[in-house]
Protein chains: 4
Amino acid sequence: MINKIALEEHFGATEPNIVAQSEEHFTPQAWPRHRDMLLDITDRRLALMDEAGIEIAVLSLLSPGIQSLHDPAQATDWAYRLNDHAAEQVAQRPDRFGSFAALALQDPDAATTELRRAVTELGMVGALVNGFSQVGDADTIVYLDDPRYADFWATVAELDVPVYLHPRDPLPSTSPQYDGHPWLYGSAWAFSVETATHMLRLMGSGLFDRHPGLQVILGHLGELLPFNIWRTDHRLKVAPRGIAAQRPFGDYLRNNVVVTTSGNFRTPALLNVIAEMGADRILFSADYPFEDMLEAAAWFDALELNEPDLRKIASENARRVLRLGDRQSAASSARA
Amino acid sequence: MINKIALEEHFGATEPNIVAQSEEHFTPQAWPRHRDMLLDITDRRLALMDEAGIEIAVLSLLSPGIQSLHDPAQATDWAYRLNDHAAEQVAQRPDRFGSFAALALQDPDAATTELRRAVTELGMVGALVNGFSQVGDADTIVYLDDPRYADFWATVAELDVPVYLHPRDPLPSTSPQYDGHPWLYGSAWAFSVETATHMLRLMGSGLFDRHPGLQVILGHLGELLPFNIWRTDHRLKVAPRGIAAQRPFGDYLRNNVVVTTSGNFRTPALLNVIAEMGADRILFSADYPFEDMLEAAAWFDALELNEPDLRKIASENARRVLRLGDRQSAASSARA
Amino acid sequence: MINKIALEEHFGATEPNIVAQSEEHFTPQAWPRHRDMLLDITDRRLALMDEAGIEIAVLSLLSPGIQSLHDPAQATDWAYRLNDHAAEQVAQRPDRFGSFAALALQDPDAATTELRRAVTELGMVGALVNGFSQVGDADTIVYLDDPRYADFWATVAELDVPVYLHPRDPLPSTSPQYDGHPWLYGSAWAFSVETATHMLRLMGSGLFDRHPGLQVILGHLGELLPFNIWRTDHRLKVAPRGIAAQRPFGDYLRNNVVVTTSGNFRTPALLNVIAEMGADRILFSADYPFEDMLEAAAWFDALELNEPDLRKIASENARRVLRLGDRQSAASSARA
Amino acid sequence: MINKIALEEHFGATEPNIVAQSEEHFTPQAWPRHRDMLLDITDRRLALMDEAGIEIAVLSLLSPGIQSLHDPAQATDWAYRLNDHAAEQVAQRPDRFGSFAALALQDPDAATTELRRAVTELGMVGALVNGFSQVGDADTIVYLDDPRYADFWATVAELDVPVYLHPRDPLPSTSPQYDGHPWLYGSAWAFSVETATHMLRLMGSGLFDRHPGLQVILGHLGELLPFNIWRTDHRLKVAPRGIAAQRPFGDYLRNNVVVTTSGNFRTPALLNVIAEMGADRILFSADYPFEDMLEAAAWFDALELNEPDLRKIASENARRVLRLGDRQSAASSARA
Ligand SMILES: [Zn+2]
Ligand SMILES: [Zn+2]
Ligand SMILES: [Zn+2]
Ligand SMILES: [Zn+2]
């Protein structure tokens, strides 16, 4: 069994009651058990981690989490309290847990402030954002390439922490292509499309030209992008249509993106990502409790891949990208 | 140079003036040349085919073509006339060309009638549909899984011809995720997402349970689906949400779908498709004149892949799927 | 569990006492058990086949078997008797077993006669030859490209049956490179080198130019050849050194060779063979009892490869190459 | 064009007349030109390097070179003089060339002394050994796992330089399997088998247990070993036969071996090596003038592989393994 770090591992909370958001993803029978799994951090979750060979789980809030709270003040308040909650949980077993900050991007300045607090005071390793934010009302959606986030990204770059761009569903009101096909939502399809599109917006906005060192994490083996990045660049070469980006998107994918295996335990897809991005940019993850931690680990441990690359994907890349050692030391100092 | 068949090769016409639809895809400088390329069939196109080692090109109308004509009567009329035009062109060099019927799916009965005419009287090898149809007005869109198409699909199955599901762009009015990023439209990204989603709707609708022999052709190495089909099935297993489909989508992909290389000349992606679908279900294509026929052929001819599989992809699979010999004989008889 | 056919499955016998040859491959503790496994055909072997999902096992004598009997008369006699023994065993469960003929190639005419008898009278599906034969004395070795085998190969071609070229060890007297490293013998290394070299001799001799339809089966994912065939051809192009072969060796590999998975349960190697030879030329096998039938099947059944190709490798290719149905019908008629 | 380092690039000399050894590899027509190519270093070779995008070529003597000189004294003398010659050539363009020492392993002590001199005084980056040495007479062959080389390997480990294990042909007197098939010699086949077997001897001898940091370079994409290492280990697990090695051979392959692309410009094989060894252990090389530098570079530059891994293979891995910067600085100091 290979020693692993996982970094798309979700939690919920009842105070504030964010855990209720996940109910829709489960059948009534399955929900109570998964609710418990979301609320628990150091009990059953830790036992499963032991069984799966996961040394460290980097925690993040469930999706859409803060991003779907329309009221910026509420969003900011909840993010603050939930980050405190996560930090307290991590503090109980700092050897086994880390966390990504939840951010109320409905208020860019507040989000930036909270990111700084989370990283420098709470010892968090970065932020996880669940796609676009709904600002003011349900139908006003803002993506992270919006100019209002210029300072936010500058702060991310300054703090030198990764941002995990996590899926959320698009709004049904603007998704007639899913009408009558509810099973297309979520991780079956819509999650990947929505998140990939968001990532392409970031690339096209010139963000990575402004901050060449920025690292964005995508789950699910890259949300379709590694397979298709050649075709995107192939077209942009002849039809840039005023795009701000200065380099081919493949360059961004290979220098500013790392991907995790969360929820996509399929070897041919992994091999495609190795070919397109290299083993240095792939990180093991499970996506617990929406995915089965043991299934993720069993798949990974049985991969017929050379061990040096397996160790990179299992934990070495995560240590580098998250600077786990550094962060944990900083957190210790901050807490001391 | 490997002898090839290509089957996503587009043409336009001026009577009726369908060619004007393609202007938006080109810069003003590039448009006149590409307009000529769309209108020409047996001249420069044939010379390029010779140079590229393409023995047979299966012609189809440009996109969105008939699908974007809101008025069903006009759509039906144009489809009829453009199919006649295509058949006349093919008749000039039946050894070098075949064609897919254009269909006015705004009127399902008329489309069914026209498909039968195209196949049995004009010797066409199947139909090519540019995604959803706009019916009555621009904003009323109908996908091919709609119940109104029950007879249409039954006729496709009866005629035993493939349907090429070709990309078109989603409507901007329902695509806020592309706002401010016009370069995301078309083959850079939106084409693939829109077409893959359409294909998933067909799968989810139970269409392939009703017609297990049906063959749908997807361009561009499968419009993202081969890479991700495992993840879709992985989710549907636990969250079917009332889906009509009786089998995993991977089964449909491997039994009811064939993909072409049109516009996606990338070897790691091809290898992913070989792993997920097998070399029997991949067909060479270029996507002329939106892609460079010579670039497509140069990439393909240089592939470091065993020659039996190369020959399958180059032409043998196309002969099987399109039953080229059969069709051409039938057409000869019909014309005689 | 995928329904499989296996075709490198060995047996021994005590009358004549050929089973004693295999003792050297096992520790004293392991030998009695494996001796029993070699002698048994319809008991424990069949139970394991059921457990492994192997519908049909094509039996062949252990290695080096007949090939190491120096006296041509004895070799001929033993081959005859052991083929009768195999046929009797198969006849007990013709639905579950087939067999390859053992041939005393020390006497080419006798071997040719016996092959004809085995195929036409005993219903065997081809022959399995354990590399070079020792003729007259231990140190006189003859490979199958020797001119004395012209009629033999013509008969193989006429009967249209495959020949399985199975490994044997090179003679220690001519293998100083293994001195002091006994572990290099057998399936750890020497088997593959010796068998690959033998196959290259067949290719270089022009055999497949004389008999373009001939099919040779190689075990162990092709005995190193698929990985290296490009390099061999790359050199032969500039330094043919009077070679008789008229085509690149890659052509022979892809038209006259099929390979089995026997004893090489490694997915990256399998993917290399798929790339170089195509899924139509790969056949499942275990190499029982030198390999673990259940391990072979567990590996194969878990392969993340599209199901149509899996079914080809599992059984469809074997049915085609061995013409199992035809042979079994012929055998029934012959026995009737 | 990607900036590359190549490290299996051969030269010859007339004083002493080592270049004559290579005549047998060429037709009479081709020999004069290739003789010139072997003798030239800073003229046409440099022009080709510019054209191929090869910034640095690490030079080594042709094969079998010193290894086939039976007389230890002569071998030692020639090695000394040819190393001086190489160092002089490199000194003319230290920005474009490096070199591997030639060593007269017929006299282990002298070879050890010369290695130390070559590295510390001549600034060489390691040694290249052409397989076994003939000691005293043509038929006495000694492999590098022989106990007489204990001090030699200890010195290699102490100096922390790689040893390139380069092919040579086995002796015809012990190669009956090649009788009548002269085209099997050399890079068509015999080179790979002989070198792979030599490498397996090193692994089996426990050498890498004694010196865990030792790095051996194999050309030609690993001389068959990556494809087959699983099968070797699979057998050794059940039949170690007293082997000295303490770990699976796969561990040695992934920790003590790096491979170059010399003479094996085949992408499926490269992908197999990436899967089995990882992109960190693959180094570009051409094998000039036995291979075409431009062909090697054209193949490499067109590889559809992510650029970070391409850059590793092109030059970054070579800089790390050869410690080019360090060596060149040391050489400058030594020469100063
Ligand atoms: Zn998640
Ligand atoms: Zn198209
Ligand atoms: Zn065997
Ligand atoms: Zn060389």
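If you're wondering where the values come from, they're calculated on a predicted model, not measured in any experiment.
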Tell me, for [X] versus chain C, whether the close heavy atoms (under 4.5 Å) come from the side chain, the backbone, both or neither.
| X | result |
| --- | --- |
| Ser192(D) | side chain |
| Gln177(D) | both |
| Pro240(D) | backbone |
| Asp233(D) | neither |
| Ala275(D) | side chain |
| Leu271(D) | neither |

task: Using atom types as modelled and distance alone, determine if a side-chain donor or acceptor of Arg201(D) lies under 3.5 Å from a backbone N or O of His181(C).
output: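 No; zero donor-acceptor contacts below 3.5 Å.
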message: For Trp230(D), is there any backbone N or O sitting under 3.5 Å from a side-chain donor or acceptor partner on Arg266(C)?
response: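 No: the side chain of Arg266(C) does not pair with the backbone of Trp230(D).
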At a heavy-atom distance under 4.5 Å, which candidate from [options] has the highest pair count against chain D?
| options | answer |
| --- | --- |
| Tyr143(C), Phe265(C), Phe249(C), Tyr185(C) | Phe265(C) |
| Asn264(C), Val273(C), Leu184(C), Val238(C) | Asn264(C) |
| Thr267(C), Ile141(C), Asp179(C), Thr232(C) | Thr232(C) |
| His234(C), Arg231(C), Glu276(C) | Arg231(C) |

task: For each of Pro268(D), Gly263(D), Ser187(D), tally heavy-atom pairs with chain C at distances under 4.5 Å, and name the one with the top tally.
output: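 Maximum pair count with chain C is reached by Ser187(D).
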Among Glu223(D), Glu295(D), Glu194(D), residue most engaged with chain C (heavy-atom pairs, under 4.5 Å):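 Looking at each option in turn, the highest pair count goes to Glu295(D).
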task: For a side-chain contact (heavy atoms from CB on, under 4.5 Å) with Asn228(C), tell me which candidate from Leu221(D), Leu224(D), Val193(D) qualifies.
output: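 That would be Leu224(D); it is the only one of Leu221(D), Leu224(D), Val193(D) passing the side-chain contact (heavy atoms from CB on, under 4.5 Å) with Asn228(C).
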- prompt: chain D heavy atoms under 4.5 Å from Leu225(C): which part of the residue, side chain, backbone, both or neither?
  reply: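 Just its side chain gets close to chain D.
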- prompt: At a heavy-atom separation under 4.5 Å, does His198(C) approach chain D through its side chain, its backbone, both, or neither?
  reply: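 When you check distances to chain D, no heavy atom of His198(C) falls under 4.5 Å.
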field: Nearest-0.5 Å distance that lies between atom CG in Leu171(D) and atom OG1 in Thr174(C)
entry: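 Reported to 0.5 Å precision, the distance equals 12.5 Å.
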Looking only at heavy atoms, what is the nearest atom pair of [X] and [Y], with distance?
| X | Y | value |
| --- | --- | --- |
| Arg241(C) | Glu24(D) | NH2-O, 4.3 Å |
| Leu200(C) | Trp183(D) | O-CH2, 3.1 Å |
| Leu236(C) | Ala188(D) | CD2-CB, 4.1 Å |

